[in-house]
Every structure is written in C-alpha cells, then in structure tokens.
Amino acid sequence: MATTTGITWNEGQPLEEDALRSLEARVESLLARMTLEEKIALVHGDSKFSTAPIPRLGIPRRWLTDGPHGVRQEVGPHTWTPAGRTDDFSTYMPVDVCLAATWNPGLAEEYGAVLGEEARARGKHVLLGPGVNVMRTPLNGRNFEYFGEDPHLASRMVVGYIRGVQSQQVAACVKHFAANNQEHERTTIDVRMDDRTLREIYLPAFKAAVQEAGVWTVMGAYNKFRGQYCCHNDFLLNAVLKREWGFEGLVVSDWAGAHDTDEAVRCGLDLEMGTEKPYPDYYLSTPFLEGIRSGKYPEELLDDKARRNLRVMIATGALDGREPGFLNTSDHQETARRVAEEGIVLLKNEGGLLPLDCAKTKSIAVIGQNAILKFAAGGDSAGVKAFYEVTALEGIVGRAGEKVNVCFSLGYAPDGGAELIERAVEAARQADVVILVAGLNHDKPYDTEGADRPDMKLPFGQDALIQKVVEANPRTIVANVSGAPVDMEAWFDRIPAVLQAWYAGMEGGAALARVLFGDVNPSGKLPCTFPRRLEDSPAHALDAYPGRDGVTVYEEGLFVGYRWFDAKEIAPRLPFGHGLSYTAFAYENLRLAEADGRVTVRFDLVNAGGREGAEVAQVYVEDVAPRLPRPLRELKAFQKVLLGPGERRTVTLDLEPEAFAFFDPEQNAWVAEPGEFRIHVGGSSRDLRLTESYRAQRGK
Ligand code: GLC
C-alpha cells in the first residue's frame, strides 16, 4: 500500500493505491480546468478564516478555525470581533499541556477525534492545532497550548492527536513551524540555533506530525529563523519540510505572518491568511497574479500551491460533502473528563492527607479565586465559547455531598485587599481540611498568547496567603491551576499535599474533585521541569532569553529542560516525568535483548499498594562516552500501565536504532554509533529505579 507522505485519512491508515491515484487524478483534473484567477483564489484568504468559493468547479468556501483544545467561536467575518452568534458553542477540552501530562497517546487520539467531530459539526475543514513548540522557558505565555519540554513525549502525543482529528475528515494543522518558543517580540524576533539543536529538539514533533501522522497542514510561525520569516522560509519549508520530509499538504501562514510576495511565492507558502491588507492586495493575490502574467513567476509555482490546497480540500470532503458532525455529546464530555483526570499530577502527598474521606471530613474550606474562575474563553486564539465549565468549587461541592459543609473564601484577587487573607485564614481555621486553588489565569501577562510572564511568581499575594492558611490549618491541600511551572519555594515544603491541575477543560472541576476524593487514582506526570528558581532554567541561566536587538540565540543548545538540570546537576523543585499515585509501584528484573540494532527492554512493574493505579514507566537512554556532547539521559520510550492491587506485569518496550542516534552536523545526518549505553527505567527523570548497560556494536 503506497502512501504519499502527508495525505492519509481513513482513521489515519494509509490510502490504498487506487484511492491515492483517484485523489491525485481529481486534483489534476480540477487544476487543468482552473483559470489563473481561480488558482489564485485558492492560495489566500477572503475573510478572517475562509477562502473564496469557486462555484463553477463545485469548490465551496473553505473554512479554517482555531484552536488546539476546542473549536473557536465565530468572528468577523472580516474582523476579530466575535460575531455574537448563538450556534458557535463548543466543547472546551483540557489544554494541550494537560493532555501531554496524561502521557497517553491513545487518549490523545480520542481527544483529537472529539475536536475533529466538533469542527465538522461547525462546518470547518482545517483545525488550527496542535501547537507543539518546545517549552524552552517557563515564561512563554503559550506554554499551556503546547506539549512541554521533551521532543519524544511531544512527538508521541501529537501523532495521536492528529490521527484523531483527521479520522473525522478534518485537517489538523501542526504549529508554529518553527522555533516559536516565546511571545516576546514574536512577530519579528529572529531565532538562531545550531543544526543539532534544531534537529534533536525543535523539529522532531513536527517531523512525527508529517511522517507518522500524515498531517495535512502546517502553520508557519510568526518569527524569523536564521534571518527569514518562517511563513516563507526556504530552508524550513522547501528544503526540510517538503523535500526532505516529503510533505504534500499545505503550509498556511500564521495570521499576518506573510510579509513579501517574492518570498511567499518561492519559499514554500501555500495559503496566506490574516494579512492586514485588503484581500486583493495580499502578497499571494494580485501581486502574485501579475507576477505570473509578466513572466516573473512560472505558473508551475502557483500550480504546486493550488495542488496542495486541492489535496487538502478533497481529503476533508470539501468537494463531496461529509457526514454531519456532533457537538458536546456525552462521549465528548466523558473524554474531556478522562483527559483531565489523567492529566492532573499529584506532586506531593505527605501523611496520606489525600484522598479525602467524606466519612471523616465534616467541613472543607475552599479558598482561591481560581476555584471559581472559568478559563475556557481565555488565552486569545485558543479561547472557546464553552457550553459549560465545571469550576473547582462546583466540582468539590458536588462531590462532597450533603453531609460535608463546604465554605468558600476568595483569598486573593487581582485587585487585592488584605482583608481577603484574613477572611481566608479564618475560614481555614474553622475547617477540617483546606483546598486552596492557586495559580495563574489567562489575563496578560500570565498564561496567554501575545505575552510572556515577567517571572515564575504566583501573583496577587498568593505566597503569603498560602503560608498563613497552612499556619492556621496544617491540613491544607494546594491545587495549582496554570499552564506552566510556577515558583512554589515559599510554601511547598510546608504543604502536605500539592497537585498540578492545569486548565483542565469544561469538566476540570469535576475531575479535580474525583481525584481529591479518590474516585480516581491520579496518574499524571509532569511534561516539564518545575525549577526552584527561574535562573536555574537554561535560557535564563545563560541570559539567552528573550534575546536582544531583535535576535535570540538558543545558547543552551540541546540542553533544554531536564537535559540542562541533569548536565549541571541542579536539583529542580519537581523533575520532568514526576507524578505520584495513591498506590506505589515497584520496578524489578530489567533485562535487555538486541536484534538487528533494536534493543528490547523488558522489566516487571508491580503495583505494591492496595488500590488500582496507572504508572507511566519511562525509559531514558544514556550514551556513556559520546563523540559529541550529549545530554546525560534522554527520554526514548514510555508506557502507561494500569495495574490492580498487587498485580505484576512484564512491560516490553522496543528501542529502535534511532533511540541511540544523534544528529551529526558534519554528515548532516542522524548517526547511531557503536559504544556503551546505559538504559534507565523508572517513574520520572530523577526516579530511575533500574539500570542496565548495553554495548552497541553497529555503526554508520
Ligand atoms: C494567531 C496564532 C495562531 C492562530 C492564528 C489564527 O495569532 O498565533 O496560533 O491559529 O493566529 O487565530
């Protein structure tokens, strides 16, 4: 079964030869009948989120929509102003960093299918997600939209997400290609990094999206890369994406990310959106048409762009119609809740304070503005007009039931007020247990597009509040709602139980309550390092963020996230991959076997506690004596395993030769060299329980 790279559907399965031939045949047949003006109409927007119909050929208006965790409300059509409709509500899924924290690629596929089915219901052909930009700094305002700091984890999750979306005949759009790792000066900053860093850290998730998931569209990033805007970047789009990776879908600009006709024509852009000009003045509109007529541009350049747009239109049923989609079904709600339940991370649980027992708990004080805030609509382009959103307070009240008295105290708010703390402390003093919902929100400059945070601090005097509350009542639980690491140093050691709750979607409050009361055994693992101090984080330690004079150089190179903390032997507050359970897991009997360069890793995982639970067993590879500098250990495999109490299971994970390889800039290729490696297995990057050595004989 041959497939073209980048165009597959049927549940993500490769197309049969004849289906491909018919796809390409249809494209060629349509193209041959199109006028120049009609081809031009395919490659630029004629409203904020659509391209013009071509009725003569049965080509309808083609619709694109945000966002990565839900179908955005209607705007415009020619402005960003919400259209004020009543038929554009959608399911608000947990944000993608929460999905990443599930470490469950199968669930990511279910997540994508929800988004695809809802996008189809709203008449959309392209969903502008997932965003996969690496968490290089904890301060990036859009970290909540992405999959954390590790390329392997992000790659596995993104492949599932895209297959899910595209199984619904909706194109996913992996973004923002590439190196859009900060919001500071995002539309002009010029990002520089060496080839190894690009290949080993910043490209893998995009490459997996194209070559494993067959993503149909890629969005160029706003920033420049090595001096050229990413939305028309000859190296990234023509050399890497299209020629090297074989991508046959379309590249869409970020909105107003195109800046030049000649570059847009020659350097890989296939669909221009959001340019702040009248539509005929778009770079790929009249200027391109006139360039072809004058002979400046060969028509073939337009034909290639038109082909790519037609392929995606046909793949998404734009020309043939599709089954109706569905919104806010019970299945969608259930998937949203399961992602939240599996994405919440139990960071600490001393003295068995969690899970709460209603029989022994007579009163609960819920404190914090984040216990009553709704987050769906926030974050700018990722915002969703949600059918509903269960807040943490609503979830806790609903789950605690009639016999438990739950009171609420605001505790903190942007406009402050010292009496808030006094009232909260009094409420804490009166209660059996305190649930303090802390964190950030989607207001600038916290977790939102268009801005980076000034620091990792919790705003609105939360540190002082938390300290005073736990002084008044030692049985205090902190649930942190944020899309990225926050500074917990002022109170973490004094709080017996801490959870990372993310922005967990419209069922988030219900999910949090089910974790707190033990209906669900938490299984989330951090997709990012939580530093003790911002200056421990590589980009900040090297003063390599946010750049200067319009340029940012990724001085830390490969050493992003845990790769840096391991290399510099810095103790993070919480390591990458960390997450606790209400049960305990033992790792035993690690053994390796090798055949044809593939190493099969086997070990026994035991649920040593008294209740069912899921563990994400992680495999890290260490190159003992690398020829070039390499991170000490790198995540190369993982598996989430559900075990009953006392159950033992042999886990088998394969490490292909690529798992040992590194990118050699001299050869401009990945190389897997002979030498000694160590294979580490455990429950986080710093909780490595078993290690075995392996000598690789192969070489390239
Ligand atoms: C925004 C974002 C992008 C979004 C697009 C359309 O500025 O960068 O992620 O999909 O424009 O809203």
Side-chain angles (χ1 to χ4, degrees), residues 44-51 62-83 88 90 93 95-97 115 119 122 124-135 140-147 158 161-162 165 170-189 191 205-206 209 215-225 229-231 250-259 269-277 282 312 377-385 442 444 447-452 483:
H44 69 82
D46 83 327
S47 83
K48 273 293 177 210
F49 282 99
S50 70
T51 57
R62 180 251 311 257
W63 287 99
L64 304 89
T65 183
D66 287 315
H69 50 253
V71 182
R72 185 177 182 172
Q73 69 175 323
E74 301 300 331
V75 297
H78 304 295
T79 70
W80 291 107
T81 310
D88 55 356
S90 292
M93 298 295 284
V95 298
D96 284 349
V97 74
L115 293 181
R122 290 273 303 279
K124 311 300 183 183
H125 303 100
V126 181
L127 177 81
L128 302 169
V132 298
N133 295 106
V134 171
M135 188 187 292
N140 179 0
R142 297 186 82 172
N143 281 327
F144 73 98
E145 291 188 55
Y146 304 148
F147 288 79
V158 154
Y161 178 118
I162 291 165
V165 172
V170 171
C173 181
V174 68
K175 67 185 187 180
H176 306 85
F177 190 64
N180 178 191
N181 306 100
Q182 64 188 56
E183 290 299 287
H184 178 83
E185 296 179 358
R186 67 171 177 163
T187 60
T188 55
I189 197 83
V191 177
F206 289 102
V215 74
W216 294 339
T217 76
V218 173
M219 183 187 291
Y222 275 133
N223 52 282
K224 294 174 187 170
F225 181 73
Y229 279 108
C230 288
C231 287
L250 71 86
V251 173
V252 59
S253 69
D254 199 340
W255 267 237
H259 299 275
L269 184 61
D270 303 304
L271 175 58
E272 177 187 355
M273 296 300 292
T275 300
E276 279 148 15
K277 290 170 175 283
Y282 272 38
V312 178
D380 196 344
S381 68
V384 176
K385 189 155 84 173
H442 286 313
K444 283 188 178 174
D447 284 326
T448 184
E449 177 181 346
D452 291 338

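Just follow the structure's listing: the first ligand is 1, and inside any ligand the first atom is 1. Just so you know, these numbers come straight off a predicted model, no measurement behind them.
For the salt bridge (Lys or Arg N to Asp or Glu O under 4.0 Å) test, no residue two or more places apart in sequence or in another chain qualifies with D452.
Note: F147 and Y161 have perpendicular aromatic rings, judged against thresholds of 30 and 60 degrees for the angle between ring planes. Ring-plane geometry between H69 and F144 is classed as tilted, the angle between the planes lying from 30 to 60 degrees on a 0 to 90 degree scale. The aromatic rings of H44 and Y282 are tilted relative to each other, their planes meeting at an angle between 30° and 60°.
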Could you list each nitrogen or oxygen of ligand 1 that sits under 3.5 Å from a protein nitrogen or oxygen, with the atom names and the distance?
| unit_1 | atom_1 | unit_2 | atom_2 | d |
| --- | --- | --- | --- | --- |
| ligand 1 | 7 (O) | Y222 | OH | 2.7 |
| ligand 1 | 7 (O) | E449 | OE2 | 2.8 |
| ligand 1 | 8 (O) | R142 | NH1 | 2.8 |
| ligand 1 | 8 (O) | D254 | OD1 | 3.3 |
| ligand 1 | 8 (O) | D254 | OD2 | 2.7 |
| ligand 1 | 9 (O) | R142 | NH2 | 2.9 |
| ligand 1 | 9 (O) | K175 | NZ | 2.8 |
| ligand 1 | 9 (O) | H176 | NE2 | 2.7 |
| ligand 1 | 10 (O) | D66 | OD1 | 2.5 |
| ligand 1 | 10 (O) | K175 | NZ | 3.1 |
| ligand 1 | 11 (O) | D254 | OD1 | 3.0 |
| ligand 1 | 12 (O) | D66 | OD2 | 2.6 |
| ligand 1 | 12 (O) | R72 | NH1 | 3.2 |

Subject >> Verdict with reasoning, M219 to V252, per side chain to side chain contact (heavy atoms under 4.5 Å, CB included) >> reply: CA-CA 5 Å; M219 183 187 291; V252 59; 4.0 Å; yes

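Here the side chain of H176 pairs no donor or acceptor atom with the backbone of G220 at under 3.5 angstrom.
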